[in-house]
Amino acid sequence: MTGTAKKRIHIAGGFLLLVVALVLLFFWNIYSGSVSVEPKDVLRLLFQGPDESTQARILWDIRFPRVLAAMLLGGALSVSGFLLQTFFANPIAGPFVLGISSGAKLMTALVMIFLLGRGLVAGSVVLILASFIGAMLSMGFVILIANKVNNMSILVICGIMVSYICSAVTDLVVTFADDSNIVNLHNWSLGSFSGITWENISVMAVVIFFCMICAMLMAKPAGAYQLGEIYAASMGVNIKAFRLVSSILSACVTAFAGPVSFVGIAVPQLVKSLFKTTKPIIMIPACFLGGAVFCSFCDRLARTLFSPVELSISTVTAVFGAPVVIYMMIQTRGRR
C-alpha cells in the first residue's frame, strides 16, 4: 500500500471517528438530565415529532435545541480559530485570546441592556449584528497592532489586554444595570448553551452554513497563505475574507452562547494531531466536527456534573482546553 493510500485511509478514519463520537454524544446529551428518558422514547419522539407529553416538551423545547446549538456553535468557533491561526501564522491565535469574542460580548451586552431598559427584547438578527460589530472592532484593533509590531508574542499579549478591557467594561455595565431581566444577561455573559430556541437554531444554522461555504471556498487561498504572506499576495489571495468569515463565526457564537474560551485554540491543534495534516480543505470540516464533539462533551459535563447547579460552558472548556494550549506551547518551545 502506498503512502498516499495510507494517508487517505488515516484521514477517512479520523472523520469516521469524529462522526461516530458526535452521534454518540448527541444521544448521550439527549438521554441525560434531571428527567430520565428511555432510549425508545427518544427515538420515537425524534422520528415521530413532538406530542403533548412532558417528555416531548423537555426533549423538543429544551434538550434538542441545546444539543444542536452546542454542535453548531462549537464547530463554528473551532473553524474561526483555525482561520485566525492561519491568518496570523500563530498557533495560539483564537477569538478568545485575541479579544474578538470579548469585543463581541461587550457590544452585545450594551445592545441587550439598551433594549431591556426600554422593555424590548433583542432578536436573533439584532444580537448577531451587534456581536459582529463588536468582533470587527476588536479585530480591527488587533490588525492595527499587527501592522505595527513584528513580534507575534506582543500581538497575543495586546489581544489579551483588549479582552480584559472589554470584559471589565461588560462586567461594569452588567453590574449597574437595573432591569429585572439582567439576571439572564449575567448568565449569558458567563457562557452557556441554555435557553436556546428553535428560532435561534434556524438563524445560527443559516449564518454558520453560509460561513462554512465561504470557508471551504477559501481553502485553496488559505493553503497559499500558509506558505507565506508574500506568496499569498502574489497569488492574489483576499486577506479580508479571512477576517470577515472568522469574525462572523465568532460573533454568531458570542451572540447566542456568550464568550466560550479555548475552543478556538485547542480544538484546531487536537484536530491537526489527529489528522497529521494542516491542509485547509481537510482541516476546515475536521475542525467543525472536532469543535462540535468538544463542545457537546463539555456542555454535557456543564449541566450534569453538579446538577442541579449548572456550570458555565467556559469553565469546562477551559479545564480541558487550557492544558492542550500549555502542552502545545511547551512543545513549540522545545523545538526551538
Report task. Identify whether Ile282 and Met212 are in the same connected component of the hydrophobic contact network (ILVMFWY, side-chain heavy atoms under 4.5 Å). Result -> yes
Query raised in the report: With side chains defined as the heavy atoms from C-beta onward, is the minimum distance between Gln85 and Gln269 less than 4.5 Å?
Result: yes
Report task. Keeping the roles fixed (side chain from Ser138, backbone from Ala135), state whether a donor-acceptor pair exists under 3.5 Å. Result -> no
Query - Residues Trp60, Trp198; criterion side-chain contact (heavy atoms from CB on, under 4.5 Å); working and verdict - result: CA-CA 9 Å; Trp60 280 96; Trp198 284 108; 3.6 Å; yes
**Report entry** Gap between atom CG of Leu305 and atom OG1 of Thr315 - 0.5 Å precision
**Finding:** 11.0 Å
Requested in this report: Verify, without hydrogens or angle tests, whether Trp28 (side chain) and Ser296 (backbone) share a donor-acceptor contact under 3.5 angstrom.
Outcome: no
Query raised in the report: Say you draw a straight line from CG of Asp299 to CE of Met71; how long is it, rounded to the nearest 0.5 Å?
Result: 10.0 Å
Query raised in the report: Would you call Pro280 and Thr86 a side-chain contact if the rule is heavy atoms closer than 4.5 Å?
Result: no
Query raised in the report: Does any non-hydrogen side-chain atom of Ile208 lie less than 4.5 Å from one of Phe288?
Result: yes
Query raised in the report: Can you tell me how far CG of Leu311 sits from CZ of Phe306, rounded to the nearest 0.5 angstrom?
Result: 6.0 Å
Report task. Any chance you could lay out the side-chain contact (heavy atoms from CB on, under 4.5 Å) test for Met283 and Val271, step after step, and finish with the verdict? Result -> CA-CA 7 Å; Met283 284 296 298; Val271 172; 3.8 Å; yes
Query - Interatomic distance, Met107 atom CE to Thr170 atom OG1 [nearest 0.5 angstrom] - result: 10.0 Å
Query raised in the report: Between Phe82 and Cys287, what is the shortest heavy-atom contact and its length?
Result: CB-SG, 4.0 Å
Report task. Using the rule that two of Ile, Leu, Val, Met, Phe, Trp, Tyr join whenever any of their side-chain heavy atoms come within less than 4.5 Å, decide whether Leu25 and Val20 are in one cluster. Result -> no
Report task. Report the C-alpha separation of Glu310 and Arg66 in whole Å, then their side-chain angles, then the decisive distance to 0.1 Å, and conclude whether the salt bridge (Lys or Arg N to Asp or Glu O under 4.0 Å) test is met. Result -> CA-CA 14 Å; Glu310 182 174 317; Arg66 178 164 183 160; 2.8 Å; yes
Query raised in the report: Which pair of non-hydrogen atoms, one from Ser101 and one from Thr254, has the smallest distance, and what is that distance?
Result: O-CG2, 3.7 Å
Report task. Indicate, with yes or no, if Tyr31 and Phe26 share a hydrophobic cluster defined by side-chain heavy-atom contacts under 4.5 Å among Ile, Leu, Val, Met, Phe, Trp and Tyr. Result -> yes
Query raised in the report: Any chain of hydrophobic side-chain contacts (each under 4.5 Å) joining Leu18 to Val324?
Result: no
Report task. Any chance you could lay out the side chain to side chain donor-acceptor pair (under 3.5 Å) test for Ser312 and Ser314, step after step, and finish with the verdict? Result -> CA-CA 5 Å; Ser312 71; Ser314 285; 5.4 Å; no
Report summary line: Gly81 and Pro268 have their tightest heavy-atom pair at C-CG, 4.3 Å
Query raised in the report: Under a 4.5 Å cut-off applied to non-hydrogen side-chain atoms, are Val260 and Leu73 in contact?
Result: no
Report summary line: Rounded to the nearest 0.5 angstrom, the CD1-SG distance for Ile284 and Cys214 is 10.5 Å
Query raised in the report: Between Leu270 and Val263, is there a shared hydrophobic cluster once you connect ILVMFWY residues whose side-chain heavy atoms come closer than 4.5 Å?
Result: no
Report task. Kindly give the heavy-atom pair with the smallest separation between Ala69 and Phe193, and that separation in Å. Result -> O-CE2, 4.2 Å
**Report entry** pair Val19-Leu22: side-chain heavy atoms closer than 4.5 Å
**Finding:** no
Requested in this report: Just jot down the ring pair (Phe, Tyr, Trp, His ring centres under 6.0 Å) partners of Phe15, sequence neighbours excluded, or say none.
Outcome: Phe275
Query raised in the report: Do Ser78 and Phe294 come within less than 4.5 Å of each other through their side chains, counting heavy atoms only?
Result: no
Report task. List for me each residue that meets side-chain contact (heavy atoms from CB on, under 4.5 Å) alongside Leu17, sequence neighbours excluded, and say none if there are none. Result -> Leu274
Query - N/O donor-acceptor pair under 3.5 Å between Thr304 side chain and Arg300 backbone - result: yes
**Report entry** Worked verdict on His10 versus Thr277 for side-chain contact (heavy atoms from CB on, under 4.5 Å)
**Finding:** CA-CA 11 Å; His10 178 80; Thr277 183; over 6 Å; no
Query raised in the report: In Å and rounded to the nearest 0.5 Å, what is the CE to OG distance from Met136 to Ser131?
Result: 12.0 Å
Report task. Assess whether side-chain contact (heavy atoms from CB on, under 4.5 Å) is satisfied between Val203 and Phe256, documenting all intermediate values. Result -> CA-CA 10 Å; Val203 174; Phe256 290 110; 4.2 Å; yes
Query raised in the report: Do Thr197 and Ile201 touch side chain to side chain, with heavy atoms closer than 4.5 Å?
Result: no
Query - Phe320/Phe297 aromatic ring centres below 6.0 Å - result: yes
Query - Closest contact, heavy atoms only, Ser250 versus Ile100 - result: OG-CG2, 3.8 Å
Requested in this report: Search all heavy atoms of Gly264 against all heavy atoms of Pro95 and return the closest pair with its distance.
Outcome: CA-CD, 4.2 Å
Query - Any donor-acceptor pair under 3.5 Å from Ser80 side chain to Ala76 backbone - result: no
Query raised in the report: Would you say the side chain of Leu249 lies within less than 4.5 Å of the side chain of Leu77, judging by non-hydrogen atoms?
Result: no
